[in-house]
Amino acid sequence: MASQVTGNETDQVLVQERPAPPATKEELLYNACSLAGKTLGQVAHQLGISIPENLQHKKGWQGQLIEKALGGINSTFAGPDFPELGIELKTIPLDHRGLPKESTYICAIELSDIYGQLWETSLVYNKLKQVLWVPVESEQSIPVAKRHIGMPLLWSPNLKQEQLLKTDWEEHMEKISLGRIADITAHMGNILQVRPKAASGKIRRKGSNEEGETKDTLPRGFYLRPSFTSEILTQHFIHPA
DNA sequence: CCGTGATCATCT
DNA sequence: AGATGATCACGG
């Protein structure tokens, strides 16, 4: 990986290595643990990345920062961030109580060639079967640079969780395969919801149902509800009430 | 344009 | 306050 020189050279030239992709999950987890307790500002500075005042126009900034810090692939690849390890990286914004502030985006929903898809080979399952959660302090009152990174959690769904995910996914996919994606709202799904995922509400994309018909629809994505990600985190991190 | 990284802005 | 629907930036 390329190294780079940070801006200030008054004391010495600070050369920071862009971490190479980790070879093992132990290495990835170790690296993620070493970020815990640091601020986003510290990590950004080490990587020579400028820090935005707010995330209004930089919505994916934290996620991309942590991804770079851990040597994840930087692309539009529709699969886990660490393909060799089969691990997906997700930063998760926490409020002052330590609870998730937002839903968690999983992936775009295919609108073609969906007939006969199985849960076991779905993109949702492939992304969620092993996730490295990296909590980030995300109260808006805290300047972006001062927000702390928390202890990471390498998680895989347990049987109950996987069953819930599968059930939701199958219900959503059945509607979609019948050409009824427009009928799906974010109210549906116990833990996995379907919400718009586009640059704007005006975007339209061709889809097709099992009869080969096409229609224009607003692109959608799968998201995990905050109540579910909260459950994931609290399984492992006990915090006082 | 599309999929990734997500959070924003508004309504209930 | 919490959730839903809408939106922003970037790389390919």
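Here is the naming used below: chain letters follow the sequence lines, and residue numbers restart at 1 for every chain.
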Q. Looking at CD1 of Ile149(A) and CG of Leu94(A), how far apart are the two atoms once the value is rounded to the nearest 0.5 Å?
A.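 If we round to the nearest 0.5 Å, Ile149(A):CD1 and Leu94(A):CG are 12.0 Å apart.
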
Any idea which of [options] is nearest the [X] side chain?
X        : options                 : value
Leu55(A) : dA6(B), dT4(B), dT7(B)  : dT7(B)
Glu88(A) : dG12(C), dA3(C), dG5(B) : dG5(B)
His57(A) : dT4(C), dG5(B), dA9(C)  : dA9(C)
Gln56(A) : dT7(B), dC8(B), dT4(B)  : dC8(B)

Do the side-chain N or O atoms of [X] get closer than 4.0 angstrom to the phosphate oxygens (OP1, OP2) of [N]?
X         : N       : result
Tyr105(A) : dT7(B)  : no
Lys58(A)  : dC10(C) : yes
Lys197(A) : dC8(C)  : no

Q. Hey, is Lys90(A) close enough to Glu88(A) for a salt bridge, meaning N to O under 4.0 Å?
A.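 Salt bridge between Lys90(A) and Glu88(A), a charged N being under 4.0 Å from a carboxylate O: yes.
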
**Q.** Stretch residues 184-196 of chain A: residues that reach within less than 4.0 Å of DNA chain B through a heavy atom
**A.**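 Output list: Arg195(A).
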
Q) Can you list, by residue number, the residues of residues 34-42 of chain A that have a non-hydrogen atom closer than 4.0 angstrom to DNA chain B? A)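 When residues 34-42 of chain A is checked for heavy atoms under 4.0 Å from DNA chain B, there are no hits whatsoever.
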
Q | Sugar-phosphate only, base, or nothing, as touched by Pro93(A) at under 4.0 Å among non-hydrogen atoms | A |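 Touches sugar-phosphate only.
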
Q. Glu110(A) near the nucleic acid: base, sugar-phosphate alone, or nothing, with a heavy-atom cut-off under 4.0 Å?
A.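 Since no nucleic acid heavy atom lies under 4.0 Å of Glu110(A), the category is nothing.
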
Q: Take the protein atom NZ of Lys59(A) and the nucleotide atom P of dG5(C), then report the distance between them rounded to whole Å.
A: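 So the NZ-P distance, Lys59(A) to dG5(C), works out to 16 Å.
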
Q: Go through the side-chain N and O atoms of Gln161(A) and Glu231(A) and say whether any donor and acceptor fall under 3.5 Å apart.
A: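 A donor-acceptor contact under 3.5 Å links the two side chains.
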
